[in-house]
2 protein chains.
Amino acid sequence: MARKTGSHSEITGPRIREAALRLFARDGFAAVSMRQIAAEVGVQAGALYLYTPDKQTLLFDLLKAHMDDLIAAWQAEPVPATPTDRLEAFVRFHIRFNLDRPDAVFLSYMELRNLEPDNFAEIEALRRHYENRLEGILRDGQAAGSIAAPDTKLAALAIIAMLTGVNTWYREGGRLSRDRVGDIYWDMVRKAVAA
Amino acid sequence: MARKTGSHSEITGPRIREAALRLFARDGFAAVSMRQIAAEVGVQAGALYLYTPDKQTLLFDLLKAHMDDLIAAWQAEPVPATPTDRLEAFVRFHIRFNLDRPDAVFLSYMELRNLEPDNFAEIEALRRHYENRLEGILRDGQAAGSIAAPDTKLAALAIIAMLTGVNTWYREGGRLSRDRVGDIYWDMVRKAVAA
DNA sequence: GTCTATAGGTCGATAGAC
DNA sequence: GTCTATCGACCTATAGAC
């Protein structure tokens with residue numbers, strides 16, 4: 001239990017963030033104490049304040065890092081030639097990316113209300129940026145005649161809500177593989193906005 | 001500030017539940033104190049315990065009442081003749097019902113994790129019951145040949161996630177009327193599971 | 001039915017030793 | 001870099017007066 005004396009600055013910071021992510025996702029930001037996070041890492045509560053100015057900043061940094069990862073990962077994906085193929089890539093990317101980091105995804109839509117106004121605005125802007133990437137695909141498809149959505153903004157929100165919902169029920173080793181889930185959702189999305 | 005002496009038992013109970021619903025939805029169960037709820041109602045914290053045995057039961061009662069309302073309201077809807085018409089009725093019902101009580105809806109998917117295991121299991125069973133009502137419609141349509149879903153269970157979950165998502169962005173007096181939102185979502189759902 | 005008072009505990013954050 | 005100790009505030013829930 002007792003910590004060995006010594007210097008661990010390079011690894012303690014990341015470990016604090018990992019522990020905070022897991023505990024916030026499991027019990028909720030307000031329900032988790034700094035003492036619990038410290039215990040998980042194996043340090044005393046006071047030591048956390050060498051790595052974060054306060055609990056709020058710890059939450060913000062986790063959400064910010066997740067949104068930056070999400071946007072960078074989508075940016076790094078290859079871009080298929082047609083809007084329909086780009087839409088399929090988006091569907092499969094979103095499911096895969098979210099299933100790979102369920103805690104961060106959960107935190108990002110459960111703990112928004114615990115952000116202070118400025119922090120909230122920054123995360124919201126990133127979320128809207130991501131939604132706009134999808135809406136752009138739908139608009140392109142509409143212009144090309146391959147996609148028909150009654151309202152591209154609502155279609156983008158509806159598709160993202162539907163895809164993110166996978167995280168609430170998917171279990172590794174369950175009835176369906178990830179690829180099969182991707183196939184099923186792509187079938188529904190494709191038809192929902194088919195011309 | 002000081003309360004007038006007197007008896008108010010018939011109205012204090014409901015007012016406590018209303019205040020708790022609003023505050024839990026706004027700030028989160030763990031972040032709201034019994035003192036805050038009491039202050040909102042205009043009584044002292046100790047008086048709350050005449051109406052609820054503890055904070056956990058207060059949360060459970062709010063979620064249970066919401067799920068019971070939801071299931072009873074859907075049960076009370078007229079039942080159209082064809083599965084496709086029943087699906088349309090479900091889509092419009094779900095959007096309308098949820099937009100009428102955003103706090104209760106928000107609470108019902110944000111605070112599940114703050115329920116103790118037995119309470120959680122009871123709410124989850126009600127949620128599954130509601131999902132199964134939708135899946136039944138999809139199965140009927142599949143059997144009749146008017147609906148084609150690659151997986152009726154996943155289609156039901158996807159549709160509910162998509163519809164519930166409306167609550168996150170809809171604002172009264174905004175760009176779209178409720179009926180128009182219902183039209184747009186029905187268009188997407190209809191096509192998504194079209195035969 | 002509501003109040004005041006309080007028991008018994010936890011919290012976030014800081015100070016200062018090592 | 002981490003620890004121990006602590007401040008001041010707040011928490012849930014209960015006891016007992018009115």
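A, B, ... follow the sequence lines: proteins, then strands. Residue 1 opens every chain.
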Measure from CG on A:L48 to P on D:dC3 and round the result to the nearest Å.
10 Å

From the list A:D54, A:L58, A:V43, A:T12, side chain to side chain contact (heavy atoms under 4.5 Å, CB included) with A:L48 holds only for A:V43

Using OP1 and OP2 only, check whether a side-chain N or O of A:Q44 sits under 4.0 Å from D:dT4.
yes

Between D:dT2, D:dC11, C:dG1, which nucleotide gets closest to the side-chain atoms of A:A47?
D:dT2

N/O (side chain, A:T12) to phosphate O (OP1/OP2, D:dT2) under 4.0 Å:
yes

Would you indicate which nucleotide in C:dG1, C:dC11, D:dC11 comes nearest to any side-chain atom of B:Y51?
C:dG1

Using whole Å, what does the distance between atom C1' of nucleotide C:dG12 and atom CG of A:L59 come to?
15 Å

B:F90 ring centre to B:R86 NZ or CZ under 6.0 Å, with the angle to the axis within 45°?
no

Expressed as a whole number of angstroms, how long is the span from B:L50:CG to D:dA15:C1'?
13 Å

Look at A:S33 and C:dT10 and indicate whether a side-chain polar atom (N or O) is within less than 4.0 Å of OP1 or OP2.
no

Would you call B:E111-B:K55 a salt bridge at under 4.0 Å N-O?
no

Between A:F24 and A:F29, what is the ring plane arrangement, given parallel below 30°, perpendicular above 60°, and tilted in between?
perpendicular

Qualifying salt bridge (charged side-chain N to carboxylate O under 4.0 Å, His left out) pairs with a residue from residues 142-159 of chain B, counting only residues at least two apart or across chains:
A:R175-B:D151, B:E131-B:K153

Does the protein touch nucleotides 13-18 of chain C at the base, only the backbone, or not at all? Give it as B, S and - per nucleotide, heavy atoms under 4.0 Å.
BB----

Listed partners of B:D179 passing side-chain hydrogen bond (donor to acceptor under 3.5 Å, both in side chains), at least two apart:
none

